[in-house]
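Written below as structure tokens is the structure these notes are about.
Computed from a prediction, not measured in an experiment: that's the story for all the values here. Residue indices begin at 1 and follow the sequence shown.
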Amino acid sequence: MQRSGQKQQQDDGSDLIYWIWLTKIPGIGVKTGRALLEGFGWNPKRIYEADETEYRGIKDIGEMRVKNLANNKNLDCAKRIYDDCVRKHISIMTLRDPAYPDIAKCLPDMPLYLYYKGKLMKNLNGVAIVGARRCTASGKEKAVKLAYKAVTSGEAVISGMAKGIDSYAHTACLKTGGYTVAVLGNGLDICYPDEHRLLQQRIEENGALISEYEPGVQPQKVFFPCRNRLIAAFSKKIYIIEAGFKSGALITGDYGQKYGRHVIEISQ
């Protein structure tokens, strides 16, 4: 299992600042962002420096987005986010970065860049273990056994650091010397739930924390389905333990089916 340290960001952060700028333009989501990057040779600075005529050359961009791009040439917000990342030792990996997991970057709905702390496994992929927050003793035992099996097979354990099954899987992996990744639905300078501060610290020291949300972003209900899609994207196999109706774990499984992953549901 190969791991890489935090990617050395550019001294002035210039390239990353343009990536951040692009995602802050109103109306520019993942699909349009990818189209722009492909049209401008994956160089966000070129997008920033372009004019309306050049923007209109991108298929299906629409006049509203053209105007939004042309009228938002201020980098202050992006610079503040980048500087905050530097202060808080948070790294950024873009879709063009080798650190961005290959298993995920080919999917059309993946974020243009991700924030991370810790040490990223080279070509990250692994086994997701997710499930009920209020699980049974049997569910906990299954999560622990699956985590141990993943470790002995040299696979990463990927989960969401939630109470219950998620935390049991992370903890069991760490106890057996394995590598684990927590995908969070908030900024990496925030711990949620609060009682998992020590767990979050241990994951950062022995694995990685990943989020699509910038520092300072508090957890919100709407963010967790997005977090769950990343868990599914990074995983070859997804175990869902004692998941309740309409639970986040089942959303992870739905994304797993969409991405062609092997999804296994384990009930009580």
Side-chain angles (χ1 to χ4, degrees), residues 16 18-44 47 55 58-62 64-65 68-69 78 81 91-116 120-121 123-128 130 156 158-162 166 181-188 208-214 217 219-240 243 246-263:
L16 294 174
Y18 290 106
W19 282 87
I20 298 169
W21 164 82
L22 179 61
T23 65
K24 298 303 176 184
I25 302 298
I28 305 299
V30 170
K31 182 179 178 181
T32 304
R34 278 182 178 253
L36 284 161
L37 287 163
E38 289 170 359
F40 285 87
W42 289 92
N43 186 336
I47 301 173
Y55 295 144
I58 304 299
K59 184 179 179 181
D60 298 327
I61 190 171
M64 181 191 72
R65 294 187 182 92
N68 287 345
L69 284 161
I81 292 170
S91 295
I92 300 172
M93 53 177 161
T94 71
L95 276 173
R96 302 299 282 178
D97 191 326
Y100 203 114
D102 289 341
I103 194 174
K105 67 170 54 175
C106 60
L107 301 173
D109 58 349
M110 287 296 100
L112 303 183
Y113 60 87
L114 292 165
Y115 300 96
Y116 72 96
L120 285 175
M121 177 192 293
N123 296 325
L124 171 67
N125 65 75
V127 175
V130 296
I158 301 171
S159 199
M161 213 180 76
D166 291 27
V181 172
V183 186
L184 307 185
N186 47 262
L188 296 180
L209 305 165
I210 296 177
S211 177
E212 62 184 294
Y213 302 107
E214 66 212 47
V217 173
Q220 296 182 34
K221 187 175 181 179
V222 69
F223 293 161
F224 290 101
C226 299
R227 181 274 306 270
N228 295 334
R229 93 186 188 287
L230 291 180
I231 294 174
F234 298 156
S235 307
K236 295 179 295 184
K237 185 181 293 185
I238 302 167
Y239 289 101
I240 302 172
K246 292 187 177 180
S247 67
L250 290 181
I251 293 173
T252 305
D254 289 342
Y255 276 111
Q257 297 283 4
K258 176 183 176 182
Y259 299 151
R261 310 307 193 224
H262 187 193
V263 179

*Locate the shortest heavy-atom distance separating I231 from A128; write the atom from each residue and the value.*
CG2-CB, 3.7 Å

_Restricting to side-chain hydrogen bond (donor to acceptor under 3.5 Å, both in side chains), what partner residues turn up for S159, sequence neighbours left out?_
D166

_Just verifying a value: how many Å separate D254 CG and R229 CZ, rounded to the nearest 0.5 Å?_
14.5 Å

_Tell me the closest heavy-atom pair linking N125 and K236, and the distance in Å._
OD1-CE, 3.0 Å

*Is a side-chain N or O of Y113 found less than 3.5 angstrom from the main chain of R96, in a donor-acceptor match?*
no

*Are the side chain of R227 and the backbone N or O of S211 linked by a donor-acceptor pair below 3.5 Å?*
no

*Looking only at heavy atoms, which two atoms of A156 and L124 are closest? And how far apart?*
CB-CD1, 4.1 Å

*Calculate, to the nearest 0.5 Å, the distance between atoms CD and OH belonging to Q220 and Y213 respectively.*
8.5 Å

*Closest heavy-atom contact between L120 and A208?*
CD2-CB, 3.9 Å

_For the backbone of G248 and the side chain of N228, can you confirm whether one donor and one acceptor N or O come within less than 3.5 Å of each other?_
yes

_R34 side chain vs K31 backbone, donor-acceptor pair below 3.5 Å_ = no

*Would Y55 and F40 satisfy side-chain contact (heavy atoms from CB on, under 4.5 Å), going step by step from the backbone distance to the final call?*
CA-CA 9 Å; Y55 295 144; F40 285 87; 4.2 Å; yes

*Distance (rounded to the nearest 0.5 Å) between F224 CZ and N186 CG*: 6.0 Å

*Residue pair M93, I210: steps toward the side-chain contact (heavy atoms from CB on, under 4.5 Å) verdict*: CA-CA 10 Å; M93 53 177 161; I210 296 177; 4.1 Å; yes

_Which heavy atom of E38 sits nearest to which heavy atom of W42, and what is that distance?_
CG-CZ2, 3.6 Å

_Within this structure, what is the SG-CD1 distance for the pair C226 and I251, rounded to the nearest 0.5 Å?_
9.5 Å

*asked:* Can you give me the closest heavy-atom contact between L95 and P111, atom names plus distance?
replied: CG-O, 3.7 Å

*Determine whether T252 and R261 make a side-chain contact, defined as any pair of heavy atoms from C-beta on separated by less than 4.5 Å.*
no

*Any chance you could lay out the side-chain contact (heavy atoms from CB on, under 4.5 Å) test for W19 and I92, step after step, and finish with the verdict?*
CA-CA 10 Å; W19 282 87; I92 300 172; over 6 Å; no

*If you measure from CG on D109 to OH on Y255, what distance do you get to the nearest 0.5 Å?*
6.5 Å

*Distance, nearest 0.5 Å, that separates CD1 of I28 from CG of L69*: 4.5 Å

*Return the set of residues passing side-chain hydrogen bond (donor to acceptor under 3.5 Å, both in side chains) with W21 (not counting sequence neighbours), or none when no residue passes.*
none

_Flag, side chain of N68 to backbone of P26, donor-acceptor distance under 3.5 Å_ = yes

*Sub-4.5 Å side-chain heavy-atom contact between Y115 and L209*: no

*Does T32 offer a backbone N or O that forms a donor-acceptor pair with the side chain of R65 under 3.5 Å?*
no

*asked:* Going by side chain to side chain contact (heavy atoms under 4.5 Å, CB included), name the residues that satisfy it together with D102, two or more places apart in sequence or in a different chain.
replied: K105, N123

